[in-house]
Amino acid sequence: MDDHTVEPPHVWRDRLPSKYRDSGPRIVRAPLKEMTFIGGKFAPKMGAPGDDGPLADWWVYEELHRPLTRLDTAVGYDRDEVKLEAITYEQMRPGSFSVPDRLADMDVNHVQSALCFPTFPRFCGQTFTEAADRELGLLGVRAYNDWMVEEWCGPEARGRLIPLIIIPLWDAELAAAEVRRNAARGVRAVCFSEIPPNLGLPSIHTDDWDPLLAACDETGTVVAMHIGSSSRMPSTSADAPPAVGSTITFANCCFSMVDWLMSGKFERFPNLKVMYAEGQIGWIPYILERADVVWEENRGWGGVADKVLRPPSELFAEHVYGCFFDDAFGLRNLDAIGVGNVLYETDYPHSDSTWPKSREVGEAQMGHLAPDVVDRIVRGNAIELLGLTADGLWAGAPGV
C-alpha cells in the first residue's frame, strides 16, 4: 500500500488553463549547482544555463526549484550506487512514470495492485499549499487528481493502479469538496499530513478539519499518511547524517497515531479509517500499551476523559492500519498489533524498496504465519480497506 509515481512532464502542462501554462508546474532542464540533505532538510540549488554541474530535470513552480533525484527512483541500481544526485527522466527506470512499464515491473515483483503517493506535489500535496497563488494552487490540485484518475489509473492500468488524491490543505471545506468529487468516481483514498502543525496548519485536536473528516467518513475515503508528509523528517541535530533520519523514519507516524487516538475523532466519525505508509509496524505494540495505561490512569487530568470514551487500543483495532515493507520484528509480534490492521507494501521506486524481491522478503519474514494470515496481510486487508474487487483491482477502473 505504498508505491510512488514520478509525474511525467505533461501533467500540469496539459491540464491547466492556457493562461497558467507558463506559471504552473513545468519541467526545465538545467545544471545542478549544489544539493545537500543534512539534519532532515533537503536543499537543492539550480544553476543557470551554461553553469558547471550535471544536467538535471527540474520542476519549476513559483519560487520552487525541485530536481528529480536518484532517491526518487532508485530501483534497478545497486545500493552502493544510490547517492544524493540530481537526474533526468532518461536516467530513471521508465516504470517510475510510465504505466505500461510500471505494470511490467509489478509483474516481475509478483504485485497485483499498487496505491501510489505523489512525488512533485510531495506526500500530501503540500507543494500547492505552500504556493502563493491559491487559485492556481487549487487548479494544480485538481489537475493532479484528474491525471491520477484518468491517466495513471485509467484504462491502460486495467484496475491494477489504485487512485490516491491530494487536497487543498489550506481550506477544509474545499478539501471536503475535492474528496466528494473524487469519491463520486470511485476514489477511496486521500493523502493527508502526519503532523499538520509542521506545515503551519491546525492540529487534528481542533475542529478545523471536521468538514474534511466528515466527507471521508461519509464516502468511505481512507486518510493516507506517508512518512515525511509534514515536510520534516525525524532527525536529532542539524548536522546529523541522513542515516540517522532513515533509521527513525517511523517516529512521525508514532507521534501522529497517538494524536489521532487521543483526539476523539474516531468517536465523532465512526466510519473513519487512517493508514500509515512506510512507517513499519514493530513499534506499535508498545505505543498501544502505553496509550491504554495513560487513558486508564491519567485521563482525568490528561484532557481526554470527555472525548476518548474507549481504550485507545480498541480504537486502533477499528480505525488504524500500519504499512510495512521490511519488518521481521513486527511480524513476530503480530498478535499484539492485530492481523486485520497490517498491510504489505513495496515502496517502488524508492531506495528503500524491496523490488524486485518483495515476494522473497515477504516469504522469509512471514514463513511462521498461517497461510490465511499471510493472505490477509498481502491482499485481504487492502481489498477490504479500499473497497477493491475480489481480484484486488480498483473497482472504479474503466472496464473492471
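As the structure is a computational prediction, the values presented were derived from the model and not from experiment.
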Residue pair Arg268, Asp210: steps toward the salt bridge (charged side-chain N to carboxylate O under 4.0 Å, His left out) verdict: CA-CA 9 Å; Arg268 296 186 59 190; Asp210 284 5; 2.6 Å; yes
Students should find that the hydrophobic cluster of Val75, defined by side-chain heavy atoms under 4.5 Å apart, otherwise consists of Val108, Tyr348, Trp355
Going by chain and number, the hydrophobic cluster around Leu393 (ILVMFWY, side chain to side chain under 4.5 Å) further includes Val400
Would you call Tyr144 and Val141 a side-chain contact if the rule is heavy atoms closer than 4.5 Å? no
Would you call Arg122 and Glu130 a salt bridge, using N to O less than 4.0 angstrom? yes
If you apply the rule salt bridge (charged side-chain N to carboxylate O under 4.0 Å, His left out), what do you find for Arg66 with Asp57, and how did you get there? CA-CA 9 Å; Arg66 201 276 192 194; Asp57 284 334; over 6 Å; no
Within residues 85-101 or reaching into it, pairs that qualify as salt bridge (Lys or Arg N to Asp or Glu O under 4.0 Å) - sequence neighbours excluded: Arg29-Glu90, Arg70-Glu85, Arg93-Asp105
Taking only residues at least two apart or on different chains, which pairs with a member in residues 306-316 satisfy salt bridge (Lys or Arg N to Asp or Glu O under 4.0 Å)? Arg310-Glu314, Arg310-Glu318
May I have the step-by-step check of side chain to side chain contact (heavy atoms under 4.5 Å, CB included) for Asn145 and Arg181, ending in yes or no? CA-CA 10 Å; Asn145 291 339; Arg181 180 176 82 92; 4.1 Å; yes
Tell me if the aromatic rings of [X] and [Y] count as close, with their centers under 6.0 Å from one another.
X: Trp12; Y: Tyr20; result: no
X: His4; Y: Phe123; result: yes
X: Phe325; Y: Tyr344; result: no

Would you please test Tyr61 and Phe128 for ring-ring contact (aromatic ring centres under 6.0 Å, His included) and show each step? CA-CA 9 Å; Tyr61 175 45; Phe128 295 106; 5.5 Å; yes
Non-neighbouring partners of Asp171 that pass salt bridge (Lys or Arg N to Asp or Glu O under 4.0 Å), sequence neighbours left out: none
The criterion is salt bridge (Lys or Arg N to Asp or Glu O under 4.0 Å); which residues satisfy it with Glu218, sequence neighbours excluded? Arg180
Atom pair CD (Glu345) and OG1 (Thr354), whose distance is rounded to the nearest 0.5 Å: 8.5 Å
Arg15 and Glu150: CA distance, side-chain angles, deciding distance, salt bridge (charged side-chain N to carboxylate O under 4.0 Å, His left out) verdict: CA-CA 11 Å; Arg15 292 182 176 274; Glu150 298 167 7; 3.0 Å; yes
Arg379 and Glu384: salt bridge (charged side-chain N to carboxylate O under 4.0 Å, His left out), yes or no, with the steps? CA-CA 9 Å; Arg379 185 179 180 81; Glu384 180 179 336; over 6 Å; no
